[in-house]
Amino acid sequence: MFHSVREAWLSASKHNMADVKELIPEFFYLPEFLLNSNNFDLGAKQNGTKLGDVILPPWAKGDPREFIRVHRDALECDYVSAHLHEWIDLIFGYKQQGPPAVEAVNVFHHLFYEGQVDIYNINDPLKETATIGFINNFGQIPKQLFKKPHPPKRVRSKVNGDLAAFPPNSNNDKIFFHHLDNLRPSLAPVKELKEPVGQIVCTDKGILAVEQNKVLVPPTWSKTFAWGYADLSCRLANYESDKALVVYECLSEWGQILCAICPNPKLVITGGTSTAICVWETGSSKEKAKSLTLKQALLGHTDAVTCLTASSSYRIVVSGSRDRTCIIWDLNKLSFVTQLRGHRAPVSALCINELTGDIVSCAGTYIHMWSINGSPISSANTFTGRSQQILCCCVSEMNEWDTQNVVITGHSDGVVRFWRMEFLQVPETPAPKPAEPDVPDCCADEKIEGGESHNGDDDSSESEGEEPAAPRKPSTGGGSGSQPGSAVHRPRGPSSRAGASWSMDSGSDDSRRWSDTLSIDEKDGFVFVNYSEGQTKGPHPQPAHPGQASLPQPLHPPAAEARTYNQLKAGYRWERQLVFRSKLTMHTAFDRKDNAHPAEITSLSISKDHSKILVGDGRGRVFSWSVSDQPGRSAADHWVKDEVVDSCSGCTVRFSLTERRHHCRNCGQLFCQRCSRFQSEIKRLKISSPVRVCQNCYYNLQHERSVDDGCKN
């Protein structure tokens with residue numbers, strides 16, 4: 001049986017010349033096939049080793065999902081694309097048979113080939129059984145489809161015979177999550193509504209948005225389904241004119257509707273105070289289209305249903321409730337699949353990744369990620385010491401093998417936050433508990449000592465000002481553009497959950513013990529998670545070592561650094577965790593004094609090509625964020641708005657027609673011509689050409705550069 005990847009590889013490549021196995025498609029998309037999730041008794045090997053989950057290579061970090069992701073990444077790379085035709089020639093093409101097959105060392109037993117044996121004309125029963133058994137055990141060569149060499153696949157572009165595909169983070173790459181530090185905001189709303197934004201849809205023709213208590217009906221998006229009226233009725237209306245086309249009164253007997261979705265033009269799914277999820281069907285003819293027919297009432301929640309989402313790819317519906325659970329429903333059979341437990345508050349937002357089927361649920365300040373089968377993948381607490389409930393969420397869906405994909409959350413404090421899945425090293429044995437008194441689980445989320453946020457995923461930048469005590473540089477006026485070299489070491493109390501693992505019993509002692517010794521450093525809006533006991537870092541963190549994960553290190557480190565990071569420290573294990581990556585604060589964040597009209601984030605959407613993020617707020621505004629064509633030359637999130645500053649931040653000279661405003665590209669503050677005459681590259685923001693910076697930032701950047709050069713030497 002398939003028991004170990006290492007043993008299977010050695011058998012096929014070295015030890016057994018008759019072993020001609022090839023990877024089945026599941027190796028590139030289905031991690032579940034590597035697990036014995038149902039604990040079947042698969043027996044034992046001759047040496048007594050009990051068979052169960054497939055043993056993975058060390059680079060998979062003990063995680064089948066990572067094993068599949070790396071395989072898929074390799075399959076989709078440009079090198080494989082450029083050489084794929086050679087494999088086609090061997091398996092389906094001209095090198096399958098004849099002299100080309102001999103030259104390519106691609107010859108197998110004669111019984112493997114099509115037409116070499118007619119089992120129906122074998123008279124000897126013993127020989128017939130042996131032949132069939134031989135073919136069943138060792139397989140057959142597929143039918144030969146091509147007699148000539150297969151043409152190579154076109155790989156984007158070629159220069160001088162070499163592949164010239166755009167690498168991640170290059171200037172030609174416009175995928176937003178590859179450039180989270182260089183997103184350019186629209187200076188004015190791209191759409192304005194009269195009430196808080198409820199849904200945003202990006203189409204080829206433009207951006208569509210509707211208020212809360214409304215959803216757009218696919219696939220034309222020309223109609224809206226609305227609810228929340230005093231008479232408990234619902235209405236189908238025209239999107240452009242908002243004129244009601246049909247009024248549905250049959251839904252009133254199911255109580256107040258709190259949420260609804262339209263997975264397709266024929267179905268409407270509603271949830272509300274009745275605790276039931278009602279699946280309604282519209283008629284096909286014009287007469288029947290004026291009424292809704294109840295197709296099925298799905299029962300499972302014990303309190304009001306607060307949010308719904310559906311996946312057309314996986315044909316599932318997920319519902320969230322005030323009972324602090326989510327339920328996955330089969331959209332085809334309209335039946336219960338499984339329940340997602342462990343939320344610490346009523347579920348407020350849901351989304352499904354259409355590529356992977358992963359489910360993201362948000363409750364209070366917590367994000368939870370689940371597999372499509374309901375297994376918990378990871379969770380994170382976004383709490384930063386003030387009211388900031390998660391109100392909406394979405395996920396990037398461009399190339400599921402890309403490690404830079406993000407989960408995006410919109411919060412009541414007006415901040416959009418980005419989270420990325422990372423592998424961190426955590427102690428195998430939970431750390432001993434400190435001598436402080438335990439805090440009951442019901443109070444643990446609210447414990448703040450000495451004014452500090454208790455959450456390890458604290459993503460507040462220096463401008464947010466909720467961190468006490470330690471000396472720090474002046475506020476930069478909001479955003480993530482804090483002064484370089486200003487990292488402050490802040491050990492956390494026992495209630496820290498710095499990317500802590502989460503289990504079904506998230507309040508248990510075992511799930512928290514190891515996190516008691518974690519410490520947090522913060523620099524430039526990023527979080528440094530340090531798992532070393534009592535180790536203090538300076539303002540310029542060194543490259544990550546086993547037991548320490550630092551986010552702002554290069555996304556593609558040198559091979560030596562990558563190898564060091566992938567070496568598991570003794571007594572530690574790999575754990576997949578959601579880690580804060582970046583945030584957007586312009587226009588909406590309540591903490592920024594230059595935001596004249598802050599508002600909570602109520603809706604998020606991503607364009608189909610993933611070049612833009614659309615943010616809807618409680619004032620009915622929709623703002624667009626896209627990758628800057630020239631980093632450092634256009635507005636960024638951390639830039640202070642021109643209209644709120646009338647004098648230089650350095651020498652306090654007043655701005656006028658002759659004394660223009662100039663932004664420091666690093667800290668975002670406004671300076672006069674004289675105070676911003678310095679130029680420097682900004683590695684942190686991936687700005688490779690010299691841009692205008694203030695004097696303070698210039699010296700800090702030069703110091704960082706000299707330190708980096710010293711480390712390389």
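It should be emphasised that the depicted structure is a prediction, and the values quoted were computed from it without experimental measurement. For the single chain, residues carry numbers from 1 onward in sequence order.
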Test item: R621 side-chain N/O and V197 main-chain N/O as donor-acceptor pair under 3.5 Å | no
Give a yes or no answer on whether the side chain of S378 reaches the backbone of L578 with a donor-acceptor pair at less than 3.5 Å.
-> yes
Flag yes if more than 12 heavy atoms outside R677 fall under 6.0 Å of its CZ atom; otherwise flag no.
-> yes
If you measure from OG on S607 to CE on M398, what distance do you get to the nearest 0.5 Å?
-> 8.0 Å
Sorted by chain and residue number, the side-chain contact (heavy atoms from CB on, under 4.5 Å) partners of H587 (sequence neighbours excluded) come out as P185, F623, K641
Got a sec: does the CZ of F655 have more than 12 other heavy atoms crowding it under 6.0 Å?
-> yes
Please, which pairs that meet side chain to side chain donor-acceptor pair (under 3.5 Å) have at least one residue in residues 391-401, sequence neighbours excluded?
-> R72-E400, S396-N405
Any donor-acceptor N/O pair, S186 side chain to P189 backbone, under 3.5 Å = no
Within the distance-only criterion (no hydrogens, no angle test), does the side chain of N595 pair as donor or acceptor with the backbone N or O of H597 below 3.5 angstrom?
-> no
Answer whether the closest heavy-atom distance between the side chains of V627 and I175 falls below 4.5 Å.
-> no
For V201 and V210, what are the C-alpha separation, side-chain angles and deciding distance, and is it a side-chain contact (heavy atoms from CB on, under 4.5 Å)?
-> CA-CA 9 Å; V201 175; V210 292; over 6 Å; no
Show your reasoning for whether side-chain contact (heavy atoms from CB on, under 4.5 Å) applies to E600 and L391.
-> CA-CA 8 Å; E600 58 188 17; L391 303 181; 3.7 Å; yes
So, do L183 and L584 sit near enough that their side-chain heavy atoms are less than 4.5 Å apart?
-> yes
Is the shortest heavy-atom distance from the side chain of E192 to the side chain of V622 under 4.5 Å?
-> no
Can you see which heavy atom on V615 is nearest to which on V416, and at what distance?
-> CG1-CG2, 3.8 Å
Is there a donor-acceptor pair closer than 3.5 Å between any side-chain N or O of S680 and the backbone N or O of P690?
-> no
What are the two closest non-hydrogen atoms of Q404 and F177, and how far apart are they?
-> O-CD1, 3.2 Å
With the side chain counted from C-beta on, respond yes when N353 and V360 share a heavy-atom pair under 4.5 Å apart, and no when they do not.
-> no
Check: F580 ring centroid to W419 ring centroid under 6.0 Å | yes
To the nearest 0.5 Å, what is the distance between CD1 (I200) and SG (C394)?
-> 9.0 Å
Search all heavy atoms of V653 against all heavy atoms of C672 and return the closest pair with its distance.
-> CG1-CB, 3.7 Å
Is there a donor-acceptor contact under 3.5 Å from the side chain of R576 to the main chain of F423?
-> no
Is there side-chain contact between K612 and F176, with heavy atoms separated by less than 4.5 Å?
-> no
Please check if the side chain of S348 supplies one atom and the backbone of I390 the other of a donor-acceptor pair under 3.5 Å.
-> yes
Is a side-chain donor-acceptor pair under 3.5 Å present for R417 with T409?
-> no
Give, for atom SG of C202 and atom CD1 of I207, the distance between the pair rounded to the nearest 0.5 Å.
-> 5.5 Å
Are the charged groups of D358 and R65 less than 4.0 angstrom apart, N to O?
-> yes
Between OG1 on residue T585 and CG on residue D413, distance to nearest 0.5 Å = 10.0 Å
Of all the heavy-atom pairs spanning S603 and C392, show the shortest one and how long it is.
-> N-SG, 3.5 Å
Under-4.0 Å salt bridge between D617 and R619 | no
What distance separates S379 OG from Q577 CD, expressed to the nearest 0.5 Å?
-> 9.0 Å
Without swapping roles, check the side chain of H411 against the backbone of Q388 for a donor-acceptor pair under 3.5 Å.
-> yes
Exam field: side chain T652 to backbone C648, donor-acceptor pair closer than 3.5 Å = no
Full working for side-chain contact (heavy atoms from CB on, under 4.5 Å) between T403 and M421 = CA-CA 7 Å; T403 57; M421 198 67 73; over 6 Å; no
Say you draw a straight line from CZ of F678 to OH of Y699; how long is it, rounded to the nearest 0.5 Å?
-> 5.0 Å
Apply side-chain contact (heavy atoms from CB on, under 4.5 Å) to D594 and M586, showing your working.
-> CA-CA 8 Å; D594 57 338; M586 188 175 282; 5.7 Å; no
Residue pair T382 / I367, side-chain heavy-atom distance below 4.5 Å = yes
Beyond-backbone contact of C351 with V395, side-chain heavy atoms, under 4.5 angstrom = yes
When you measure from the side chain of Q199 to the backbone N and O of E211, does any donor-acceptor pair fall under 3.5 Å?
-> no
Tell me yes or no: between the side chains of S647 and R654, is some donor less than 3.5 Å from an acceptor?
-> no
With side chains defined as the heavy atoms from C-beta onward, is the minimum distance between R660 and Q673 less than 4.5 Å?
-> no
Might you point out which heavy atoms bring C664 and C694 nearest each other, and give the distance in Å?
-> SG-N, 3.3 Å
List the atom of F590, the atom of S412, and the distance in Å for their closest heavy-atom pair.
-> CE1-O, 3.5 Å
